[in-house]
Peer 1: 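After the structure tokens below, expect a handful of questions from me.
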Amino acid sequence: MIDVDSEGPIRTITIDRPDRRNALTVAGLEALERAVADADEPVLALRGAGPAFCAGADLEAVAELDREEAEGFARLGQRVARTIEDADPVVVAEIDGPARGGGLELALACDLRVGTPDSSYGEPGVTFGLFGAWGGTVRLPRIVGEGAALELACTGRVVGAEEALRMGLLSRLEDRPRTVAEELAATETDALAVLKRRVRDDADRATQERREVEAFGELAETHAPELGELLE
């Protein structure tokens, strides 16, 4: 269900269940968590096999859960999303086709979301009496604003790639999403994890600024020879 391929500085994780639009069961979520946690490449790309990115939770599996099991399933989805968000690599969601429910929530946990013109986005849970519980109610308003988040979640409306880009749900629109991962891999990749940490730092301002200075000093020392060459 989860395929992992490493090529140089890029690890590609593919949710490979196209017959179910890459919907995730407990086993699939656990395998995805391991694949992300084990990554030591500086760039990680998350994609779906076939014509969909990810349909989120496998509803057939959810329908069989009692309340305690359903809460456990939600906690697992939240944990996987946090693992993606907190991973050392910069994580790029390469989205082609539908990203729905938990699939959208996993994409929200990624650092960059790159969609094709054929991609689409939605939180349809409300239409069958549920809602996204893999951290979507936290991340969606943070990314698109409270008003847009409520409108999407409460109506279950699906938005296309252009609208998703305008509202800030997408970082970029590309015919070939891999372009962005390749751009990241071509940088001085030791700076990527540092940048991710600093941008995501939620400490007080003084602490953030101190950490920024320390990180800059360490990188400047490391890359002094290259900087000198640029000035010659």
Side-chain angles (χ1 to χ4, degrees), residues 9-13 29 32-47 53-54 74-95 99 102-115 121 123 132-149 152-153 164-165 167-174 177-223:
I10 302 174
R11 168 175 287 210
T12 301
I13 298 175
L29 282 169
L32 175 58
E33 181 180 33
R34 289 192 297 271
V36 173
D38 290 345
D40 56 11
E41 297 85 352
V43 181
L44 194 159
L46 178 63
R47 61 183 297 275
F53 174 70
C54 179
R75 282 192 292 270
L76 174 59
Q78 290 177 352
R79 194 178 78 204
V80 174
R82 285 196 306 272
T83 299
I84 292 170
E85 189 171 59
D86 295 341
D88 286 334
V90 173
V91 185
V92 182
E94 298 181 347
I95 307 168
L104 175 57
E105 292 177 285
L106 294 179
L108 293 172
C110 295
D111 302 302
L112 300 173
R113 287 164 296 283
V114 184
Y121 308 83
E123 280 277 16
W134 293 354
T137 59
V138 176
R139 293 185 182 89
L140 188 60
R142 189 177 70 198
I143 291 169
V144 303
E146 183 178 286
L152 286 173
L165 182 65
M167 67 171 53
L169 188 57
L170 282 182
S171 310
R172 197 190 296 184
L173 196 59
E174 290 281 352
R178 180 48 54 105
T179 299
V180 175
E182 290 171 346
E183 289 177 4
L184 294 173
T187 67
E188 290 291 347
T189 54
D190 59 341
L192 292 177
V194 175
L195 278 167
K196 175 174 176 172
R197 291 285 171 268
R198 298 287 60 80
V199 172
R200 290 194 181 277
D201 196 341
D202 60 359
D204 62 89
R205 178 176 173 178
T207 301
Q208 288 184 42
E209 291 179 343
R210 174 179 57 78
R211 291 171 177 169
E212 184 180 66
V213 166
E214 291 170 352
F216 179 82
E218 182 177 352
L219 288 170
E221 181 179 36
T222 299
H223 293 287

Peer 1: Out of curiosity, Leu106 CG to Ile84 CD1, how far, rounded to the nearest 0.5 Å?
Peer 2: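 The CG atom of Leu106 sits 5.0 Å away from the CD1 atom of Ile84.
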Peer 1: Would you name the heavy atoms of Leu184 and Thr189 that are closest together and state the gap between them?
Peer 2: O-CG2, 3.8 Å
Peer 1: Might you confirm whether atom CD of Glu214 has over 12 heavy atoms from other residues, nucleotides or ligands at distances under 6.0 Å?
Peer 2: yes
Peer 1: May I ask you to test the Arg172-Leu112 pair for a side-chain heavy-atom distance under 4.5 Å?
Peer 2: no
Peer 1: Is Arg200 salt-bridged to Asp111, cutoff N-O under 4.0 Å?
Peer 2: yes
Peer 1: Can any side-chain N or O of Glu41 pair as donor or acceptor with the backbone N or O of Ile10 at less than 3.5 Å?
Peer 2: no
Peer 1: Ignoring hydrogens, what is the shortest heavy-atom contact between Ala185 and Pro9? Give both atom names and the distance.
Peer 2: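 Heavy atoms of Ala185 and Pro9 come nearest at CB-CG, 3.5 Å.
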Peer 1: Return yes if some donor-acceptor pair links the side-chain N/O of Thr83 with the main-chain N/O of Arg79 below 3.5 Å, else return no.
Peer 2: yes
Peer 1: Flag the pair Leu46 / Phe53 as yes when at least one side-chain heavy-atom distance between them is below 4.5 Å, and no otherwise.
Peer 2: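 Of all side-chain heavy-atom pairs linking Phe53 with Leu46, at least one is under 4.5 Å.
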Peer 1: Is any NZ, NE, NH1 or NH2 atom of the basic residue among Glu85 and Arg142 found under 4.0 Å from an Asp or Glu carboxylate oxygen of the other?
Peer 2: yes
Peer 1: Please confirm whether the backbone N or O of Ile95 pairs with a side-chain atom of Arg113, one donor and one acceptor, at under 3.5 Å?
Peer 2: no
Peer 1: So how far is it from Leu192 CG to Thr187 OG1, rounded to the nearest 0.5 Å?
Peer 2: 4.0 Å
Peer 1: Closest heavy-atom contact between Leu29 and Val80?
Peer 2: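 Reported closest heavy-atom pair: O-CG2, 3.5 Å.
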Peer 1: Is any side-chain heavy atom of Gln78 less than 4.5 Å from a side-chain heavy atom of Glu105?
Peer 2: no
Peer 1: Kindly give the heavy-atom pair with the smallest separation between Arg139 and Ala81, and that separation in Å.
Peer 2: NH1-CB, 3.6 Å
Peer 1: Counting distance only, does the side-chain N/O of Lys196 pair as donor-acceptor with the main-chain N or O of Pro89 below 3.5 Å?
Peer 2: yes
Peer 1: Hey, does the side chain of Ser171 reach the backbone of Val114 with a donor-acceptor pair shorter than 3.5 angstrom?
Peer 2: no
